[in-house]
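A short write-up of the structure that comes next.
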Amino acid sequence: MLSIKNLQANVDGKEILKGINLEVKAGEIHAIMGPNGSGKSTLANVLTGNKSYEVTGGEVFFESKNLLEMDPETRAREGMFLAFQYPIEIPGVSNATFLKTALNEVRKYHGEEELTPKEFLTMLKEKAKVLGMDETMISRYVNVGFSGGEKKRNEILQMLMLKPKFVLLDETDSGLDIDALKIVSSGVNIYKNPNTAFLVVTHYQRLLNYIVPDFVHVLYKGRIIKSGTKELALELEERGYDWLIAEQAEVV
Amino acid sequence: MNSKEFYIESFKTYESKLNGDSKSFLHQLRKDALKQFRETNFPTLRNEEWKYTDISSIVKLNFTPAINSTPERFTKEQINKFLFKDFDCHLLVFVNGIYSEELSLINNLQNGVVVGSLKKLAKENPSVIDSYIGKLSKIDNAFNALNTAYAVDGLVIVVPDGKILEKPIQVLYLNSSSDETMLASPRNLIVVGKNSQASVIANYRGISEKAYLNNSVTEIFIDEDAIINLYKIQNESDEAYHIEKVQATQKKNSVLNHYNITFGGAIVRNDINSVLDGENIETHYYGLYMINGKQHVDNHTFVDHAKPNCMSNELYKGILDDNARGVFNGKIIVRQDAQKTNAYQQNKTILLSKTATIDTKPQLEIFADDVKCSHGATVGHLDDVSEFYIRSRGVPQELAKSMLIRAFANDVIETIKIEPLKEQINHMIFEHLHKVEVGNE
Ligand SMILES: Nc1ncnc2c1ncn2[C@@H]1O[C@H](COP(=O)(O)OP(=O)(O)OP(=O)(O)O)[C@@H](O)[C@H]1O
Ligand SMILES: [Mg+2]
């Protein structure tokens with residue numbers, strides 16, 4: 001579904017991604033771990049088309065279309081979705097307006113009818129309920145005054161509404177207490193199917209107990225230095241990154 | 001003939017057209033104003049109050065006073081598209097500043113409430129207005145003098161004590177010059193008695209390819225415990241010159257909510273002044289100016305805290321694109337007597353292009369020691385991170401920007417108390433934005 005080849009990217013003229021290679025097939029869940037500043041969020045932003053991140057080399061194909069040539073909205077309509085590490089607050093725009101606008105744009109792109117306000121609201125309430133979200137958040141401004149956990153849930157709510165094919169979760173677990181973590185994970189698990197794929201960025205093994213990955217990759221200084229199965233995450237939990245970094249140094 | 005001579009000369013023709021009106025009390029006022037006009041020059045950039053607004057393009061043109069010209073005629077169908085709809089209201093229509101009886105619809109007013117045309121009332125019932133007109137507002141400059149000299153008609157609302165007007169009063173000021181460059185001089189008076197309430201929507205529209213000058217003066221008297229909501233929405237053509245001075249006097253416990261929503265003309269200048277002449281008064285100024293092209297909008301506001309324990313709150317927001325230029329000058333005086341004053345002022349602007357500019361200036365003069373005053377001005381651009389967030393959900397860039405702009409305007413718009421009006425203003429903002437965007441990318 002997603003094929004990343006030798007992807008390189010700069011931020012503010014500084015090289016952050018130094019050649020990422022990754023293949024993700026439909027139905028798979030990949031986890032990306034790695035120390036702070038290793039480039040995980042950069043990868044997520046590059047894949048979703050944030051123009052503050054400059055692609056300097058490599059290519060990315062999403063269902064055999066050249067992803068890097070698309071603007072962010074086209075990527076989204078094609079089915080890319082990023083649950084942001086730090087969701088943005090938008091005072092003055094209600095959650096309902098925001099989601100309705102987005103959903104109708106996505107539907108329009110696929111030649112589907114716009115939802116009636118009633119259909120939209122029914123759908124929104126149903127999804128909010130799955131995530132244990134209070135109905136009042138529907139009319140509140142996007143993420144304004146939301147707690148850290150509420151913001152993360154709101155990202156997952158958007159995912160459930162927009163029904164993307166490829167989902168990037170950037171530390172969606174951070175800031176969640178254990179109950180919220182379970183709810184958010186179950187939201188993801190309900191949604192996951194053989195036609196979707198996930199790239200889950202996290203620092204903690206505990207998320208991976210709920211969202212079980214098929215593959216785990218370690219990103220360090222802009223490169224994937226190790227890939228393995230879910231056992232790798234357990235090992236990282238126990239031993240940290242130092243041994244891997246040392247191993248890496250030997251190779252170089 | 002320069003424009004000053006032109007207006008002085010035109011006065012003779014105008015007097016000859018006044019017929020019976022020249023005997024009304026108003027006419028003395030007009031003649032005095034003309035005299036003052038003779039002695040005053042139009043302001044220039046050297047004048048502190050007009051330092052950022054170059055009106056030489058107005059002075060270059062001779063605008064024919066509407067009364068001296070053939071009246072423009074419109075049908076109800078033609079004006080319908082300019083009206084705010086979906087709520088019950090009284091409707092008054094002024095074409096180039098002259099009242100149109102057949103286009104207006106005023107029904108079932110409570111006893112003693114006067115809503116109508118200055119021209120008619122000056123003839124039929126001068127006693128309800130003669131103690132206010134020209135008394136609340138002094139002549140500050142040549143434009144005010146010109147308005148008073150040519151004060152033929154305008155809106156008059158007089159609400160006696162203890163009456164609450166349930167229906168808002170919508171006033172359509174339609175300006176149009178098909179043959180010649182036209183001068184409209186609406187002279188408005190709103191008086192609300194003790195414990196009374198009224199809401200007024202001043203809806204300024206222009207439909208002309210030719211230049212015209214709308215030069216209004218609006219006097220407002222708000223007696224004790226009275227409330228006025230005044231919504232001014234100005235949406236005229238790029239050829240329109242629009243000048244208005246609002247002068248309010250507020251008595252104790254009264255509330256003034258003034259909204260000033262501007263979609264621009266060639267030059268728009270608003271002076272909005274209120275004297276808080278009593279205790280426990282509330283004054284709210286809300287402004288939104290949304291301009292593009294070469295439009296120029298200058299808002300001068302003035303809150304004069306004369307007595308203790310009053311509160312004023314001002315929020316002006318600007319959205320400027322292309323080569324548009326905005327000016328905001330917010331003056332607050334807290335006089336020596338006015339202890340325990342709370343006065344707040346904010347001006348926020350977003351610039352959508354590199355060539356749009358804003359000059360913003362707070363002007364606080366505080367002579368009392370026990371007061372709370374604050375002011376702030378910000379100038380910024382649309383936030384890229386927010387724009388990316390919205391686009392990352394499938395919303396196209398243009399719409400994402402428009403959502404952010406509307407969100408920026410929202411804290412002004414959301415305070416509008418008439419729900420359908422609020423929706424329609426939001427819609428105007430939307431239309432305006434999507435028109436603005438066309439030439440942009
Ligand atoms: N918008 C930006 N402006 C400047 N530098 C940035 C920006 N975004 C990322 N960087 C820099 O790029 C590097 C990689 O950051 P990135 O956010 O991708 O790391 P990360 O792996 O997601 O870290 P964390 O685990 O802390 O979230 C860091 O050195 C960071 O300071
Ligand atoms: Mg990160």
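Because the structure is predicted, anything quoted here is derived from the model rather than measured. Chain letters run A, B, ... following the sequence lines, proteins first and then strands; every chain starts at 1.
Looking at Y141(A), the atoms closer than 4.5 Å to chain B (heavy atoms on both sides) all sit in the side chain, from C-beta outward.
Listed in order of number, the residues of residues 255-262 of chain B that approach chain A to under 4.5 Å between heavy atoms amount to none. Residues of residues 386-395 of chain B that come closer than 4.5 Å to chain A, counting heavy atoms only, are S386(B), E387(B), F388(B), Y389(B), I390(B), R391(B), S392(B), R393(B), G394(B), V395(B), ordered by residue number.
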**OP:** For side chain to side chain contact (heavy atoms under 4.5 Å, CB included), just list the numbers for Q397(B) and D71(A), CA-CA rounded to whole Å, side-chain angles, deciding distance to a tenth of an Å, and then say yes or no.
**Re:** CA-CA 9 Å; Q397(B) 181 175 29; D71(A) 55 27; over 6 Å; no
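In this structure, P91(A) and A407(B) approach most closely via the heavy-atom pair O-CB, 3.2 Å.
Contact count versus chain B (heavy atoms, under 4.5 Å) is highest, among M80(A), E73(A), E78(A), for E73(A). When the candidates L82(A), T74(A), V106(A) are compared by the number of heavy-atom contacts under 4.5 Å with chain B, L82(A) comes out ahead. Comparing M161(A), K51(A), K108(A), E105(A) by heavy-atom pairs within less than 4.5 Å of chain B, the highest count is held by E105(A).
Other residues, nucleotides and ligands contribute only 12 or fewer heavy atoms inside 6.0 Å of the NZ atom of K372(B). Heavy atoms of other residues, nucleotides or ligands lying less than 6.0 angstrom from NZ of K25(A) number 12 at most.
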